[in-house]
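In each ligand, atom 1 is the first atom listed, and ligand 1 is the first ligand listed. Everything numeric in this text was worked out from a predicted model, so none of it was measured.
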Amino acid sequence: MTAERKMRINDVQVKFEEGETVLACARRAGVRIPTLCHFDGLSDIGACRLCLVEVEGSAQLAASCVTRAEPGMVIRCHTTRLAEYRKVILELLLAERNHVCSVCVANGNCELQDLATEHQIDHVRFDYQFPALGVDLSHGQFGVDHNRCILCTRCVRVCDEIEGAHTWDVAGRGGTSRVITDLAQPWGESQTCTSCGKCVELCPTGALFPRGTSVGGLVRDRGRIELAMAHRRHESCHG
Ligand code: FES
């Protein structure tokens, strides 16, 4: 006999389907868990760790976007410990590259900035790395500013999984990792880029942007991506 598929999230009882993640269950139950690398409709990779939750009986925190729901699980999403971990994660992201909101195209329209505000980050307790990073403006329509990239890889996944081009990838390891186009050629020389702009739409910060956008001028139209995702789902269901 299989156990009933029920779990508790922040004291709310939730039923789930086989294979659902804790994050998906929490969202369905109306419990908000902060995320950065997750985007509905893309595969999950557990890169940012912001979605950490406590699982009763386990000493380890779990990234809810890549943790499958199990019968009888008891999950806590909002504790003092989690709030502190999320704050540290956000501070480390801010310290790792050159996130200067006041001169960023995404100022006022940035998921990293919004989460920093939500977690009351008014200073960073870690040494800024100040890496020397470039901006690639070789593409006729878009630009990539590596100073703002948080390596969430949403651009990589949307390009591969929805557009089917797989122009983007990640090169290098650890702190020297960079998103690249094709074999690290300038974006404008890419043979595979279809210039669809899905990567730009899904970027949570100002790392990818339409050329000509001024400070704070970035406008997003995520509805366009959701439509493309629905189309892709339809295709995979009906061959
Ligand atoms: Fe789960 Fe990033 S949203 S690790």
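- Under 4.0 Å is where a charged nitrogen must lie from a carboxylate oxygen, and between Lys87 and Glu84 no such pair does.
- Between the side chains of Arg97 and Thr205, no donor-acceptor pair of N or O atoms lies under 3.5 Å.
- Arg157 places a side-chain N or O within donor-acceptor distance of the main-chain N or O of Cys37, the cut-off being under 3.5 Å.
- Residues in residues 66-75 take part in no side chain to side chain donor-acceptor pair (under 3.5 Å) pair, two or more places apart or across chains.
- Taking a cut-off of 2.8 Å, the protein N, O or S atoms nearer than that to atom 1 (Fe) of ligand 1 are Cys51 SG, Cys65 SG.
- Side-chain atoms of His166 and Asp169 include a donor-acceptor pair closer than 3.5 Å.
- Side chains of His139 and Ser195: a donor-acceptor N/O pair is present below 3.5 angstrom, by distance only.
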